[in-house]
Participant: 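One structure follows; several queries about it will come next.
Within every chain, numbering begins at 1; the chains are lettered A, B, ... in the order of the sequence lines, protein sequences first and strands thereafter. Excluded from the calculations below are hydrogen atoms, water molecules and symmetry mates; all remaining heavy atoms, backbone and side chain alike, are included. Treat the numbers as computed from the prediction; the structure is a model and nothing was measured.
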Amino acid sequence: MIAFFRRRHGGLVIVALILALLPLFFQNAYHYDLAIRIAINAVIVLGLNLLIGFAGQISLGHAGFLGIGAYASAILPSHYGWPPLLAMMAGATCAALLAALVARPIFRLKGHYLAMATLGLGVILAIAFKNEASLTGGPDGMAVVPLSLFGYELSGEKKWYALMAVLLLFSLWASTNLIDSPFGRALRALHGSEVAAQVAGVHIVRYKVAIFVLSAVFASLMGSLTAHYVGFVTPNVADFLHSIELVTMVVVGGMASVYGSLVGAALLTALPQALARFEGWETVAFGAILMLFMIFLPRGIVPTLAARFEKGKE
Amino acid sequence: MAALLEVDALSIQFGGVKAVQDVSFSVPAGAIYAVIGPNGAGKTTLFNLITGLYTPTSGEIRLEGQAIQGKPPHELARLGMARTFQNLQICLNMTALENVMVGAHLRLDRNLIKAALRWPALSRRERELRQEAAECMAYAGLEDFLEARADAMPYGALKRLEIARALAAKPRLLFLDEPAAGLNPKETQEVAELVRKIATHGVTVVLIEHDMKMVMSLADRILVLDYGKKLAEGSAAEVRANPDVIAAYLGAHA
Amino acid sequence: MLAQFLQFLFSGITVGATYALAALGFTLIYNASQVINFAQGEFIMLGGMLTVFFLASGLPLPFAVILAIVLPAIVGLLIEKFAIEPAKGAETVSLIIITIGAALVIRGLIQVWLGKGTHALPPFSGNEPIHVLGATLLPQSLWVLGVSALVMVALWFFFNRTLFGKAMLATSYNRLAADLVGIDTKHVLTVSFALSGALGALGGILIAPITFTSYDVGIMLGLKGFVAAVVGGLGNGLGAVVGGLLVGIIEALAAGYLSSAYKDAVPFLLILLILFFMPRGLFGAKVTERV
Ligand SMILES: Nc1ncnc2c1ncn2[C@@H]1O[C@H](COP(=O)(O)OP(=O)(O)OP(=O)(O)O)[C@@H](O)[C@H]1O
Ligand SMILES: [Mg+2]
């Protein structure tokens, strides 16, 4: 089983099987809805994990990029009649440019400054979405047209589920490839030792910028899809707390673990639903989970389990 | 022999500490060049300056006549410099083999998109690289650790891993910062042989080492630093006979 | 013209003093442990909210204030003991995440306990504005400025004139060396957290009559305090104070002259600019990272 998992794409096959079989167990639209939102979050978290877990750089403002995608998909089609796909691309480009613009100077800095700068960026974006009411509808948000691709309208849980399942599998595959490539090794190396990476010829700032931009694009695209899927967007997508939620998913599932991203997204997307009855305790639970994991299970669920299995085998 | 590396009046100051002061020397191509001196003499700082991790306050560094001071490390790597670290800079989040593969970074296609899409040419190169990296490890005497995770390796092996990683870059000029520190006499002897082997393959080696026996047996030339300043420079015999060196350094040990 | 400018300046200096206190809290902890405590803002919130609660439950103001300073100090101490210490040696990213977790727990508990409402604290000494060159100054502003100044002087005295303060400074310069000369560096860390809890809370109490308070003010105030600390040069006490005032003033001027809607964005724009153009802040020293 583990050997199978460890063969490069064994895990991918298992996830594909699960995704294919899951609908057999779904009893209602709510189940589909949960699965779709887990898949969306999983893709975002994959991108974020490349940045945090693999490259060792933090972003506390990733929801801002989500917001860029969401609002691009909300505003451009309804105000200017753009086709959704083009709007989505525009959002992603915008997120990429913004990420590149701030990343260059920021990634010369370390840890805290990076946390602060990304956080600041997220806060500014959230404020902008709230204040530019004529475009964004202000704090009340705005409606988003349904997603249509080349004249074919995507509606209903089943179609969305299929789309997200495919996207998720693709992202898992691409991330796995990336990690095991010269590019991915350079990222992991600069996490392990910046000086060692540098003397080996890695232009560390360029790599940090690249992975930051890539994860921003992941987030923006998923922001667009979320907006279309939900049919509505409010400034809350870009909220600081949402950024923290995403980081929590990375941490819980497992830093530097592709499949951990999936597990983290699944658990923490389902959790608020479970906690919804306990108004307010949600925040406490999130905070407690973050602290407990960082202190007692700093590697996260999947890597810890994997290590345990490995030991058991010996 | 032509000088591969020339250092001219190099200095750096941290706050009030003049860690390297007005140091000049040149390393002939193909030589094993040793830098010695007591703790805190500025040896590592000198390496950090030459490999671009620190920017000198003044002075010049030339590689084959081209001024290179102030260039960032990743550019210097491109010019054929590689180094190891005294205080191990191993990526513990990776396997031993992957660490060595990082050393070959500049010789690979580093395209992000091709990597994500698993471009066939890239995968093929990757398989070759694994083979190459394994050979580098074997060359450095690490054949038992081909499958090991870096964080599970003993200290002595990590010291060699540093060397294997540097060799994977196929450097012209290799800086070794105390490769035998903390090793037992047998291991030290093995590392000395490894250094000699590397040099016979045409790599110019600059070596910092406290083990005098090793230095005297290996080095073509020796630079002695003390309090950041050059105390002496010359062949092993010259340095050994130098009264300043005997007084300030060897004297303390004899 | 002048009156309006003065008006903005007054309000800027007043909130700026709060930011300065928060920034000092960041600085204390950063110097003792190289940790950025993202829960600093929650101390500010705790100060305001606890005072409101204790007043409402019938305690006289001075007692309410003292309790609202002591409790957050204890919270700070607990965070250090049970969250920071066990994670010793963790990466920066992990430590940041831990303190964010602590912040969420505090915030969530207050939300559950005291609700989501917004509260105003009565001013400490009347509401009769003082007129200065056509601008008005609230008596509460004088309280904020006066008490903040006193605290800063006291801190200066503590660090430069008392043995324990000097020990704390020594620890921040070189932890290992401090350990070697017999300073109990663990103790220093605990005290730093407690002290910054108290400082944050004090700022929160002083400002609550002017800006109102609720369970969720901590994030913004804390972040701005951090911006102030970075503007001044992370780790520098004087820098923290100057940074705090500067951030407050710039924010107030921008809100007044440019756009009040983007008031909260101003400090973050400022920090991005500072990080881009002078990453060591106003008073930070140049260091070459050791390799
Ligand atoms: N980044 C830095 N900032 C401040 N001082 C430094 C820095 N790097 C080195 N120094 C100082 O420079 C001096 C020389 O240190 P260096 O590490 O070069 O000595 P060394 O000769 O390598 O000693 P050892 O044999 O112990 O390795 C020391 O006083 C050290 O404290
Ligand atoms: Mg040294």
Side-chain angles (χ1 to χ4, degrees), chain A residues 52-53 56-58 60-61 102 104-106 108-117 119-128 130-133 191 194-195 198-199 239-241 243-244 247-248 250-251 255 278-296 298, chain C residues 26 30 34-36 38-39 79 82-87 90-113 115-116 215-216 219-220 223 226-227 229-230 234 259 261-272 274-277 279 289 291:
Chain A
I52 300 181
Q57 312 298 312
I58 199 166
L60 296 181
V102 296
R104 247 181 198 290
I106 290 304
R108 288 176 208 288
L109 310 166
K110 285 244 167 100
H112 316 299
Y113 293 101
L114 184 62
M116 189 61 218
L119 194 160
L121 185 67
V123 171
I124 291 176
L125 286 170
I127 292 174
K130 218 168 277 175
N131 283 329
E132 297 303 321
H191 185 190
E194 288 205 350
V195 279
Q198 276 178 301
V199 271
D239 201 63
F240 172 61
L241 281 181
S243 292
I244 299 304
V247 175
T248 315
V250 172
V251 168
M255 297 222 226
F278 309 99
E279 164 85 15
W281 289 101
E282 230 177 87
T283 319
V284 182
F286 259 112
I289 289 172
L290 270 182
M291 290 170 78
L292 293 175
F293 265 88
M294 277 288 93
I295 297 167
F296 297 110
Chain C
F26 277 114
Y30 180 76
Q34 308 287 301
V35 172
I36 288 298
F38 276 80
I79 292 180
F82 294 106
I84 301 295
E85 251 185 58
E91 292 180 63
T92 311
V93 172
S94 312
L95 290 171
I96 290 174
I97 293 173
I98 289 176
T99 59
I100 288 178
L104 293 183
V105 170
I106 297 173
R107 200 171 98 110
L109 287 176
I110 292 294
Q111 181 192 343
V112 172
W113 181 33
K116 281 189 165 183
Y215 77 102
D216 61 352
I219 298 182
M220 237 356 157
L223 293 179
F226 183 71
V227 172
V230 173
L234 200 51
S259 147
Y262 281 96
K263 172 170 130 341
D264 282 340
V266 170
F268 298 100
L269 219 51
L270 186 67
I271 187 106
L272 289 176
I274 289 264
L275 289 180
F276 288 0
F277 296 113
E289 206 160 321
V291 175

Participant: Quick one: which of C:Val35, C:Asp264, C:Leu223 has the most heavy-atom pairs under 4.5 Å with chain A, could you say?
Facilitator: C:Leu223
Participant: Name the region of A:Leu241, side chain, backbone, both or neither, that has any atom closer than 4.5 Å to a heavy atom of chain C.
Facilitator: side chain
Participant: With a 4.5 angstrom heavy-atom cut-off, is it the side chain or the backbone of A:Ile289 that approaches chain C, or both, or neither?
Facilitator: neither
Participant: Out of C:Phe82, C:Tyr262, C:Tyr30, C:Phe38, return the one with the most heavy atom pairs under 4.5 angstrom to chain A.
Facilitator: C:Tyr262
Participant: At their closest point, which heavy atom of C:Phe26 faces which heavy atom of C:Phe226, and how far apart are they?
Facilitator: CE1-N, 3.1 Å
Participant: I need the residue from C:Val266, C:Val230, C:Leu109, C:Ile271 with the largest number of non-hydrogen atom pairs under 4.5 Å to chain A.
Facilitator: C:Leu109
Participant: Atom CD1 of A:Ile295 and atom CZ of A:Phe293: how far apart are they, to the nearest 0.5 Å?
Facilitator: 12.0 Å
Participant: Taking every heavy-atom pair that is under 4.5 Å apart, which of A:Val123, A:Thr248, A:Val195 has the most such pairs with chain C?
Facilitator: A:Val123
Participant: Do C:Leu104 and A:Met291 come close enough that some side-chain heavy atom pair is under 4.5 Å?
Facilitator: no
Participant: Check whether any side-chain heavy atom of C:Val112 lies under 4.5 Å from a side-chain heavy atom of C:Tyr215, and answer yes or no.
Facilitator: no
Participant: Can you find a pair of side-chain heavy atoms, one from C:Phe268 and one from A:Leu121, that are under 4.5 Å apart?
Facilitator: no
Participant: Would you mind telling me which of C:Leu234, C:Ile100, C:Thr99 makes a side-chain contact (heavy atoms from CB on, under 4.5 Å) with C:Ile36?
Facilitator: C:Leu234
Participant: Relative to chain C, which segment of A:Leu292 carries a heavy atom at a distance below 4.5 Å: side chain, backbone, both, or neither?
Facilitator: neither
Participant: Looking at A:Lys130, A:Glu282, A:His191, which makes the most heavy-atom pairs under 4.5 Å with chain C?
Facilitator: A:His191
Participant: Specify which of A:Val251, A:Val102, A:Val284 makes the most heavy-atom pairs with chain C at under 4.5 Å.
Facilitator: A:Val284
Participant: Shortest non-hydrogen contact from C:Ser94 to A:Met255?
Facilitator: OG-CE, 4.3 Å
Participant: Just wondering, do A:Leu290 and A:Ile244 contact through their side chains at under 4.5 Å, heavy atoms?
Facilitator: yes
Participant: Would you mind telling me which of C:Ala87, C:Gly115, C:Ala102, C:Pro86 has the largest number of heavy-atom pairs within less than 4.5 Å of chain A?
Facilitator: C:Ala102
Participant: Name the region of C:Ala261, side chain, backbone, both or neither, that has any atom closer than 4.5 Å to a heavy atom of chain A.
Facilitator: both
Participant: Quick check on the interface: out of C:Leu95, C:Ile106, C:Ile98, who has the most heavy-atom pairs with chain A under 4.5 Å?
Facilitator: C:Ile98
Participant: How far apart are the closest heavy atoms of C:Ile96 and A:Ala115, and which atoms are they?
Facilitator: CD1-CB, 3.7 Å
Participant: For A:Ala126, which atoms come within 4.5 Å of any heavy atom of chain C: side chain, backbone, both, or neither?
Facilitator: neither
